[in-house]
Amino acid sequence: MAEEKCLFCGIATGKVPAKKVYEDAKTIAFLDINPRNPGHTLVVPKKHYETLLDMPDKEAVNLFASVKKLAGQVMTAMKADGISIGQSNGVAAGQLVQHVHFHVIPRFMNEGPIGLEGILQVKKMDDKMLDQVANAIKKGKMPASKQLTPEKIVRESAMEDEDFDLDI
Ligand code: AMP
Ligand code: ZN
């Protein structure tokens with residue numbers, strides 16, 4: 001069965017580790033390992049469906065309610081100026097993991113290009129930063145003095161020996 005070899009089924013059942021930020025009876029959300037921006041989150045149904053088109057309407061509606069919830073939580077936690085939501089169905093559409101998922105990607109005014117081309121570059125983030133971001137999304141807030149922009153991530157993660165601390 002496809003489920004047995006599926007990476008996101010593995011994350012949903014806890015067999016594969018992930019930086020979880022949200023969970024309810026039907027849905028799980030966790031940080032993308034190749035963040036297009038700090039706080040880039042994947043929202044996934046626990047039950048295995050390959051694409052959105054395979055989901056019963058009721059399940060799809062439920063999943064999208066979670067996507068909306070996470071969009072708000074990520075926006076607040078990351079102090080983002082906007083949110084992009086992306087979703088691909090099928091290899092031809094660029095779907096790499098064959099278990100339906102929504103990308104929730106925080107956007108910042110200082111990114112430069114405003115369109116989707118502005119989020120193609122993967123940002124370097126170490127494990128400690130990812131944990132801090134995951135905690136901020138779980139709690140739904142980031143300290144007022146902090147803002148983790150993509151510019152800052154690239155710059156800070158390039159600095160060796162510097163201990164980046166968000167004080168969450
Ligand atoms: P897509 O092209 O929409 O199928 O995107 C799949 C996403 O899953 C990519 O952005 C990957 O970085 C992400 N991804 C792959 N493996 C993992 C993993 N183990 N944990 C978190 N995200 C992952
Ligand atoms: Zn699966």
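Start at 1 and go down the list; that is how both ligands and their atoms are numbered. What you see below is based on every heavy atom in this structure, not just the backbone, and it leaves out hydrogens, waters and symmetry mates.
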Pairs under 3.5 angstrom, nitrogen or oxygen on both sides, ligand 1 versus protein: list them out, please.
residue	atom	partner	partner atom	Å
ligand 1	2 (O)	Gly94	O	2.9
ligand 1	2 (O)	Leu96	N	3.4
ligand 1	3 (O)	His101	NE2	2.8
ligand 1	3 (O)	His103	NE2	2.8
ligand 1	4 (O)	Leu96	N	2.6
ligand 1	4 (O)	Val97	N	3.1
ligand 1	4 (O)	His101	NE2	3.0
ligand 1	5 (O)	His101	NE2	3.3
ligand 1	5 (O)	His103	NE2	3.3
ligand 1	10 (O)	Asp32	OD1	3.3
ligand 1	10 (O)	Asp32	OD2	2.5
ligand 1	12 (O)	Asp32	OD1	2.5
ligand 1	12 (O)	Asn34	ND2	2.8
ligand 1	22 (N)	Ile33	N	3.2

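Atoms CE and CD, on Met55 and Glu50 in that order, are 13.0 Å from each other to the nearest 0.5 Å. Taking CD1 of Ile137 as the reference point, atom CG of Leu70 lies at 7.5 Å (rounded to 0.5 Å).
Under a hydrophobic clustering in which Ile, Leu, Val, Met, Phe, Trp and Tyr are joined whenever their side-chain heavy atoms come within less than 4.5 Å, directly or via other members, Leu52 and Val97 fall into different clusters. No path of Ile, Leu, Val, Met, Phe, Trp and Tyr side chains, each step under 4.5 Å between heavy atoms, connects Met78 with Phe30, placing them in separate hydrophobic clusters.
At least one side-chain heavy atom of His103 sits under 4.5 Å from a side-chain heavy atom of Asp32.
With sequence neighbours excluded, no residue forms a side-chain contact (heavy atoms from CB on, under 4.5 Å) with Asp57.
Annotation: Lys69, atom NZ; neighbour count of heavy atoms from other residues, nucleotides and ligands within 6.0 Å does not exceed 12.
Shown here are the protein N/O/S atoms lying under 2.8 Å from the Zn ion (ligand 2), water excluded: Cys6 SG, Cys9 SG, His48 ND1, His99 ND1.
A donor-acceptor contact shorter than 3.5 Å is absent between the side chain of Glu23 and the backbone of Lys20.
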Compile the donor-acceptor pairs under 3.5 Å between side chains in residues 58-68 and protein atoms, sequence neighbours left out, one pair per line.
residue	atom	partner	partner atom	Å
Glu59	OE2	Lys26	NZ	3.0
Ser66	OG	Thr27	OG1	3.4

